Colleague: 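What follows is a structure written as C-alpha cells; I'll ask about it next.
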Amino acid sequence: MPIRHGMTCNQFIAEEQRQFPAATGEFSEILTRIVLAAKIVSREVNQAGLLDILGATGDTNVQGEDVQRLDVYANTQFIDALSRDCYISVIASEENEDLIHTDESSQHRPGKYALALDPLDGSSNIDVNVSIGTIWSVQKRVSEGPRGTSADLLQPGTEQLAAGYIIYGSSTMLVYTVGRGVHGFTLDPSVGEFLLSHHDIRMPARGGIYSVNEGNSPYWTSGTQEWVKALKGKDNPSGEPHSLRYIGSLVADIHRTLFKGGVFAYPLDSKNPEKPRGKLRLLYEASPMAMIAESAGGAATDGRQRILEIQPESLHQRVPLYIGSRDDVEFASSFHREGVEVR
Ligand code: P6P
C-alpha cells in the first residue's frame with residue numbers, strides 16, 4: 001500500500017514494517033499499543049471538565065510535583081497498554097520513582113524492548129485548558145535475563161528506536177519517528193483513528209520565535225542572558241528581533257517549533273539549587289524530543305553537546321535543553337560552550 005494522506009496510523013505502521021522483511025511485527029505491535037493508549041487518554045482529556053477528573057490527587061510524584069488525576073489516569077493507560085502480552089520488558093515513567101516491570105505472566109516474556117514515558121507532560125495546565133501531551137521513547141534492551149534493568153533505559157539517545165509525542169490540543173495529534181522522517185497523525189474522533197495529516201515534517205533551518213521562561217532570567221548564567229539579549233536585537237541567525245512565545249507545556253512549545261521553526265529552551269538556573277542541571281528530564285522529555293528534532297532536520301543540545309550523545313546516569317536525570325531549528329540551536333549553544341555552571 002503506498003503512503004497516502006489520510007491513511008490510518010496503524011496502516012502506516014504496517015507499511016513501514018514492510019520495508020523491513022526480517023521484521024517480526026513485535027516493534028509494530030508496540031507502536032499500535034501506543035496509538036491505542038493515546039486514543040483512550042485523548043478521550044478522557046477532552047472530557048476532563050465533564051467527568052470531574054480535573055484537579056490534583058493530593059499526592060506528589062518523584063519530581064515533587066502535584067500529581068493531577070489525569071496524570072495518574074494517563075500513566076495507568078499507557079502502562080497497561082504496553083504491559084499486557086506486549087514486547088516491552090521494562091518501563092521508566094515520570095510518575096514512578098522506580099522501574100516498572102511489565103506483566104510477568106505475558107506469553108511474550110522476556111520482552112526485547114524498553115519504554116521511557118512522560119504520561120502527561122504539562123499537567124499543571126490541565127485545569128486551564130492549555131494543550132498538554134504524552135512523550136515516549138522505545139529502546140532495545142541491552143540486559144540479559146528474564147527481567148529488564150535500568151541499563152535498558154540508561155542508554156544514549158542515539159540508541160532510541162522510536163520516539164514520539166501526543167499533543168492533546170485543539171485537535172489531538174500523534175507525532176513520531178523511527179529515524180526515517182517525522183510524521184504527524186491527527187485523531188478523527190468520529191471514526192476513532194489517527195489519520196496521516198503531516199508526512200515527513202521538516203523543521204525550518206531558522207525561525208523568528210524564541211520560547212523560554214523569561215521569569216527565570218535573574219537566575220540564568222551570563223551566557224544565557226547574553227543569548228536572549230542577542231535574540232531581541234538583529235545580531236542573530238534571522239537578522240531580526242525574535243518574537244517570544246511560551247506556553248509552558250513542553251509538548252505544545254516544541255510542536256509549534258517543529259512547524260514554525262525557532263528555538264525552545266529551558267536553560268540552567270540557580271532558582272532551584274536542588275535541580276543543578278535544569279528542570280527537564282533527559283530520558284522521557286529531552287531525549288525523545290531531540291530524536292524528533294534531529295529527524296526533522298533540527299537540532300537539540302544541552303548548550304554544549306548533542307542531547308542524543310549524553311550518557312544517562314539516572315532514570316530521572318535533568319538536563320538543560322536548547323531545541324529547534326538547526327541555525328538557532330547552534331547560535332544558542334555558542335553562548336554556552338564555556339561552561340554551564342550557574343552563577
Ligand atoms: P516553567 C511542565 O510542568 C514542564 O515540565 C514542561 O512541560 C514545560 O516546558 C516546563 O515544565 C515549564 O516550566 O518553570 O516555565 O513553568
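Start at 1 and go down the list; that is how both ligands and their atoms are numbered. For this chain, numbers begin at 1 and follow the sequence in order. Keep in mind that this is a model prediction, so the values were computed, not measured.
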Colleague: Do W227 and Y210 have their ring centres less than 6.0 Å from each other?
Modeller: no
Colleague: Test side chain to side chain contact (heavy atoms under 4.5 Å, CB included) on L82 and I30 and set out the steps.
Modeller: CA-CA 7 Å; L82 288 145; I30 290 169; 3.8 Å; yes
Colleague: Is the closest basic N to carboxylate O distance between E330 and R326 below 4.0 Å?
Modeller: no
Colleague: May I ask you to say whether R318 pairs ionically with E285, meaning some side-chain N is under 4.0 Å from a carboxylate O?
Modeller: no
Colleague: Could you check whether F27 and Y87 have their ring centres less than 6.0 Å apart?
Modeller: no
Colleague: In plain terms, say whether K140 and E159 are close enough for a salt bridge, that is, a side-chain N and a carboxylate O under 4.0 Å apart.
Modeller: no
Colleague: Please output the residues near ligand 1 using a strict heavy-atom distance under 4.0 Å, listed in chain and residue-number order.
Modeller: D121, G122, N213, Y246, G248, S249, L250, F264, Y266, K279, R281
